[in-house]
Amino acid sequence: MKAVRLESIENLFVREVAKPAPGPGDLLVRVEACGICGSDRHFLHGEFPTSPPVTLGHEFSGIVETVGAEVTGFRPGMRVTVDPNISCGRCPACQDGLVNHCRNWKALGLALDGGFAEYTVVPEGQAVELPLSLHPEHGAFCEPLACCLHAVDLAGIKAGDSVVVLGGGVIGLLTLQLARLAGATRVILSTRQAVRRELAMELGATDTVDPSAADPVQVIAGPDGLVPGGVDVVMECAGVPDTVRQSLKLAKRRGTVMIVGVMPQGQTIEIEPCDIMMRELRIQGSFINPFVHRRAAALITSGAIEVGRLVSQRIGLDQVPEVIGRDPLPGEVKVMVIP
Ligand code: NAP
Ligand code: ZN
C-alpha cells in the first residue's frame with residue numbers, strides 16, 4: 001500500500017510499504033480522509049520532535065477493515081474517527097487526569113504511523129464510532145474540532161458573553177462556531193484574508209475585522225469600538241506575536257485570554273504585568289484535546305458544527321509531500337487527503 005513517510009527532517013516521500021497488521025487490541029482502518037494540519041509542516045521542518053521514519057497524518061477517519069482478537073467494541077465495516085494522542089495511564093500526569101501532559105505521550109502521525117496512508121493501525125481505545133451516513137471527509141475534522149473544544153471549555157465561555165477570535169484558519173473558524181454554540185452573543189473574528197472573513201460571517205460570526213486595514217484593538221475595544229472596553233474572552237488562534245499582544249488589550253477587566261496558537265518554542269513577547277494585575281486578566285493556554293473526541297464527533301455528526309465548507313482542496317497521497325512542503329496558498333483553509 002501507499003503511505004506518506006517522513007524519513008528524516010525535510011525528507012517526506014510517498015512510499016510503497018507493507019499493509020500493517022493489527023495487534024490483538026487494535027483496529028486496522030482503511031483511511032477515507034485525512035486532513036493536512038499546520039503542525040505537519042512543523043514536523044517536516046523539525047520544529048517539533050517526531051520519530052522518523054514514520055507515516056504522518058493525525059486528523060483522520062475511516063472504515064474498520066479487521067479487528068484484533070481482543071477488540072470488543074468495534075467490528076469490520078464500522079466508521080471511526082481517531083484520537084491520535086496516546087497516554088500511558090501510569091505517569092503522575094495521567095494519574096492526575098492530565099493525559100495531554102503525559103510524560104510518555106505518543107501520537108499517531110507523529111511518533112507512530114498515522115493516516116496519510118491507505119490503511120493504518122489504531123488501538124481500540126483511541127477510536128470513536130461515527131455513523132456510516134456521515135460524509136467521510138467530515139469525520140476527519142473531529143481531531144481539530146476537539147482541540148478547539150478543549151480551548152473553549154477551558155475558557156469557560158458563557159451565554160451572553162462577547163468573544164474575539166484572532167486568526168481565521170480552520171482552528172479560528174471552528175472556535176468561532178463553538179463560541180456561538182456555547183452561548184456567546186457577540187463573536188468577532190479578526191483575520192487578514194477577505195475570503196475567510198466572508199466565510200466567518202456565514203458560519204455565525206457577528207462581526208469581522210481586517211487587522212491589516214486598522215488596529216483591531218481600537219476597532220474592537222476602543223471607545224468607539226464594537227465592544228468598548230473589551231470582550232469577556234479572547235481566543236488567540238493565529239500564533240503570531242501581534243495577535244498575542246492584541247489579545248491582552250482586547251480582553252476586558254477580569255477577562256480571559258486563551259492561547260491556542262502555536263509560536264516557535266523559545267519565542268517571547270513583552271507583557272505589562274501591572275496591566276494584567278490591575279485589570280485582573282486571566283491568561284491560559286490550551287494544549288491538544290483530552291477527553292473531548294466523543295463530543296467533537298457528536299457536534300459534527302449532528303451538523304451543529306459546519307465543517308464541509310472548510311475544505312478548500314482535495315488531493316491524493318501522491319500530492320501530500322508537495323503541499324506540506326510549501327506554505328498555505330491564499331484562500332486555502334483545509335486541504336483534505338483522500339488516499
Ligand atoms: P492557520 O491556518 O495558520 O491559521 C492561522 C491564521 O491566522 C492564518 O492563516 C492567518 O490568516 C491568521 N493570521 C496570521 N497573522 C494574523 C494577524 N496578524 N492577525 C490576524 N490573523 C492572523 O492554522 P490553523 O490550523 O487554523 O491553526 C491556528 C493555530 O493554532 C496554529 O498556530 C496552530 O499550530 C495552532 N493549533 C493549536 C492547537 C492546540 O492544541 N493548542 C491545536 C491545533 C492547532 P489570514 O491570512 O486570514 O490572516
Ligand atoms: Zn502518562
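Numbering of ligands and ligand atoms starts at 1, following listing order.
Counting only residues at least two apart or on different chains, no ring-ring contact (aromatic ring centres under 6.0 Å, His included) pair has a member in residues 175-207. For the ring-ring contact (aromatic ring centres under 6.0 Å, His included) condition, the pairs that include at least one residue of residues 118-158, sequence neighbours left out, are His135-His138.
Checking side-chain atoms of Arg295 against main-chain N and O of Ala146 turns up no donor-acceptor pair under 3.5 Å. In terms of modelled atom types and a separation under 3.5 Å, the side chain of Gln193 and the main chain of Pro330 share no donor-acceptor contact.
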Practice problem: Go through Lys249 and Asp275 one step at a time and tell me if the salt bridge (charged side-chain N to carboxylate O under 4.0 Å, His left out) criterion holds. | Solution: CA-CA 9 Å; Lys249 299 287 172 211; Asp275 178 56; 3.6 Å; yes

Self-check item: CA sep, side-chain torsions, deciding dist, call: Glu118, Lys2, salt bridge (charged side-chain N to carboxylate O under 4.0 Å, His left out)
Solution: CA-CA 6 Å; Glu118 291 173 70; Lys2 268 190 206 172; over 6 Å; no

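A continuous path of hydrophobic side-chain contacts links Val292 to Val170 [ILVMFWY only; heavy atoms under 4.5 Å].
The shortest distance between side-chain heavy atoms of Glu32 and Arg79 falls below 4.5 Å.
Between the side chains of Asn100 and Asn85, no donor-acceptor pair of N or O atoms lies under 3.5 Å.
Residues of the protein with a heavy atom under 4.0 Å from ligand 1 are Cys147, Gly167, Gly169, Val170, Ile171, Ser190, Thr191, Arg192, Gln193, Arg196, Pro211, Cys237, Ala238, Val240, Thr243, Val260, Gly261, Val262, Ser286, Phe287, Ile288, listed by chain and number.
Under 2.8 Å from the Zn ion (ligand 2), one finds the following protein N/O/S atoms: Cys88 SG, Cys91 SG, Cys94 SG, Cys102 SG.
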